[in-house]
Amino acid sequence: MKTIRYAFWAIVGLILILIGLANRDFVTLRAMPEPVSDLLGVSPDISLPMFVVILLGVGAGLLIGFFWEWIREHRIRADARRKAREVETLRREVEQLRGAAARAQSDDDVLALLEKTG
């Protein structure tokens with residue numbers, strides 16, 4: 001299984017290297033369209049190699065997906081916490097009942113011995 005995992009990551013690494021080599025040209029990323037930036041007098045532009053833009057886009061998509069799933073599963077985590085608290089409460093109650101039953105059992109044994117001798 002370890003070999004399969006290493007082979008998978010080697011293939012992913014090779015694909016990323018090939019994407020990087022094939023997309024080395026620089027591109028300009030603009031935060032707003034040219035007419036808006038001309039109107040405001042601010043032009044937040046950045047030039048990056050295309051493979052960096054691709055990898056940043058994939059990374060941003062993964063982060064958005066992870067965050068979306070974390071929010072979506074909030075209800076499930078809350079139910080699990082509530083059930084864990086309920087289980088702990090019930091466990092404590094059972095322990096108390098077992099202790100009370102053991103004390104009652106020991107009291108009954110003493111009474112039974114006294115009745116036998118009397």
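A quick note: this is a predicted structure, and the numbers were derived from the prediction, not measured. Just so you know, these numbers use all the heavy atoms, side chains as well, and skip hydrogens, waters and symmetry mates.
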Asks: Nearest 0.5 Å please: distance from the CG atom of Leu29 over to the CE atom of Met50.
Replies: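 Rounded to the nearest 0.5 Å, the CG-CE separation comes to 8.5 Å.
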Asks: How about CZ on Arg75, more than 12 heavy atoms from neighbouring residues, nucleotides or ligands closer than 6.0 Å, or not?
Replies: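 Result for CZ/Arg75: open.
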Asks: For the atom pair CZ (Arg92) and CG (Leu97), what is the distance rounded to the nearest 0.5 Å?
Replies: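 It comes to 13.5 Å.
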Asks: Check for me, please, whether Leu16 and Leu48 land in the same ILVMFWY cluster - side-chain distances under 4.5 Å, paths through other members count.
Replies: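 Yes, it is one cluster - the side chains of Leu16 and Leu48 are joined through contacts under 4.5 Å.
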Asks: Decide whether Trp70 and Leu63 are clustered together by the hydrophobic rule: side chain heavy atoms of Ile, Leu, Val, Met, Phe, Trp, Tyr closer than 4.5 Å, transitively.
Replies: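 They do not share one cluster, since no chain of ILVMFWY contacts under 4.5 Å joins Trp70 to Leu63.
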Asks: Take atom CZ of Arg77 as the centre, draw a 6.0 Å sphere, and report whether it contains more than 12 heavy atoms from other residues, nucleotides or ligands.
Replies: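 Buried by this count: over 12 neighbours within 6.0 Å.
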Asks: With heavy-atom distances below 4.5 Å as the criterion, would you say the side chains of Val42 and Pro44 are in contact?
Replies: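 The answer is yes; the side chains approach within 4.5 Å.
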Asks: Salt-bridged, Arg72 to Glu69, with N to O below 4.0 Å?
Replies: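 Looking at Glu69 together with Arg72, the answer is yes, because their closest N to O distance falls below 4.0 Å.
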Asks: Going by an N to O cut-off under 4.0 Å, is there a salt bridge joining Arg91 and Glu88?
Replies: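 Glu88 and Arg91: salt-bridged.
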Asks: Evaluate the side-chain proximity of Met32 to Ser37: yes if any heavy-atom separation is below 4.5 Å, no if none is.
Replies: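 SC-SC contact between Ser37 and Met32 confirmed.
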Asks: Can you get from Leu56 to Phe26 by hopping between Ile, Leu, Val, Met, Phe, Trp and Tyr side chains that sit under 4.5 Å apart?
Replies: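 Not linked; separate clusters.
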Asks: Give the cluster check for Trp9 versus Ile17: same hydrophobic cluster or not, with ILVMFWY residues linked at side-chain heavy-atom distances below 4.5 Å.
Replies: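 Looking at the clustering, Ile17 is in a separate group from Trp9.
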Asks: Could you state whether Leu55 and Ile15 fall into the same hydrophobic cluster, counting links through intermediate Ile, Leu, Val, Met, Phe, Trp or Tyr residues with side-chain heavy atoms under 4.5 angstrom apart?
Replies: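 Yes, Leu55 connects to Ile15 through the hydrophobic network.
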Asks: Quickly, which of Asp25, Leu21, Asn23, Leu18 forms a side chain to side chain contact (heavy atoms under 4.5 Å, CB included) with Phe51? Name it, please.
Replies: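 Testing each of Asp25, Leu21, Asn23, Leu18 against Phe51, the sole residue satisfying side chain to side chain contact (heavy atoms under 4.5 Å, CB included) is Asn23.
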Asks: Between Ile19 and Ile54, is any pair of side-chain heavy atoms under 4.5 Å apart?
Replies: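 Yes; the side chains approach each other to less than 4.5 Å.
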